[in-house]
Amino acid sequence: MTKAEIIEQIYEKVGFSKKESSEIVELVFDTMKETLEKGEKIKISGFGNFVVRAKRPRVGRNPQTGEEIEISARRVLTFRPSQVLKQALNKSEIVS
Amino acid sequence: MNKSDLVQAVTSKLPTLAAKDVEVIVNTIFDSMTRSLSQGDRIEIRGFGSFEVRVRKPRQGRNPKTGRSVQVGTRRVPFFKVGKELKEKVNNHG
């Protein structure tokens, strides 16, 4: 699924024009991005939480040369899926 | 920020729309993403990131309350990979 298919769903189910649907979907993701860039978390009930976490600097290793390198402190974005989403993925029997 | 804050923020940028309509759209976005993932589909949102379903093997678990071991079956878990652009922006901001 891509953004285009999400836009298609909104066009079909909500009845906005394709142009409007596309504008709003872009705005929703842009707003989420701006919020996360500021370091603020986003909680979408029934879906999950997007959380910005600070990582301390640590010593890593170049796997090719074995050389030790310092990995600087950084901020990373993690997604914590909600129970509802996890359950939705496990509704049907899993055939492996 | 929760879902209603997100709806408010989007509405303030699109004054021609009612908050009620934006709410329906935001719900539709996450509902269709949930549906897509539950069908095992991968979702790719350019500039944001991608979501996919990963399969966890069955394992022997333990009930933390009783200490009794229980069989945990094969499970599907959602996995989010942040997009390059957003990853850099989150890290470089402040």
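The chains referred to below are lettered A, B, ... by the order of the sequence lines, with proteins before strands, and numbering in each begins at 1.
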Completion exercise
Note: B:Lys3 and A:Ser45 closest approach over all heavy atoms is NZ-O, 3.8 Å
Exercise for the section: Write down the atom of B:Met1, the atom of A:Glu40, and the distance for their closest heavy-atom approach. Expected result: N-OE2, 3.2 Å
When rounded to the nearest 0.5 angstrom, what is the spacing between [atom1] in [X] and [atom2] in [Y]?
X       : Y       : atom1 : atom2 : answer
B:Arg56 : A:Asn90 : CZ    : CG    : 11.0 Å
A:Ile7  : B:Ile29 : CD1   : CD1   : 8.5 Å
B:Ser32 : A:Ile10 : OG    : CD1   : 6.5 Å
A:Lys13 : B:Asp31 : NZ    : CG    : 8.0 Å
B:Glu44 : A:Met1  : CD    : CE    : 13.0 Å
A:Phe16 : B:Thr28 : CZ    : OG1   : 9.5 Å

Which atoms of [X] come close to chain A, meaning under 4.5 Å heavy atom to heavy atom: side chain ones, backbone ones, both, or neither?
X       : value
B:Val10 : both
B:Glu85 : side chain
B:Ile43 : both
B:Ile45 : side chain
B:Asp41 : side chain

Practice task
Indicate yes or no for a side-chain donor-acceptor contact from A:Arg74 to the backbone of B:Asn91 under 3.5 Å, with no hydrogens or angles considered.
Solution key: no
Over 12 non-hydrogen atoms of neighbours within 6.0 angstrom of [atom1] in [X]:
X       : atom1 : answer
B:Lys13 : NZ    : yes
B:Phe30 : CZ    : yes
B:Arg42 : CZ    : yes

Fill in the blank from the handout: One option among B:Val24, B:Val7, B:Leu14 has the most heavy-atom pairs under 4.5 Å with chain A, and it is B:Leu14
Handout entry: Residues of residues 19-36 of chain A with any heavy atom under 4.5 Å of a heavy atom in chain B
Key = A:Glu23, A:Ile24, A:Val25, A:Leu27, A:Val28, A:Phe29, A:Thr31, A:Met32, A:Lys33, A:Glu34, A:Thr35, A:Leu36
Handout entry: Contacts of residues 46-54 of chain A with chain B (heavy atom under 4.5 Å)
Key = A:Phe47, A:Phe50, A:Val52
So do [Y] and [X] actually touch side chain to side chain, heavy atoms under 4.5 Å?
X       : Y       : result
A:Thr78 : B:Phe80 : no
A:Leu89 : B:Leu37 : yes
A:Leu77 : B:Lys87 : no
A:Lys91 : B:Ser38 : no

Handout entry: B:Arg76/A:Lys86 under side chain to side chain contact (heavy atoms under 4.5 Å, CB included): CA gap, chis, key distance, verdict
Key = CA-CA 8 Å; B:Arg76 298 193 195 95; A:Lys86 287 200 251 178; over 6 Å; no
Exercise for the section: Could you tell me if the ring centre of A:Phe79 sits under 6.0 Å from that of B:Phe51? Expected result: yes
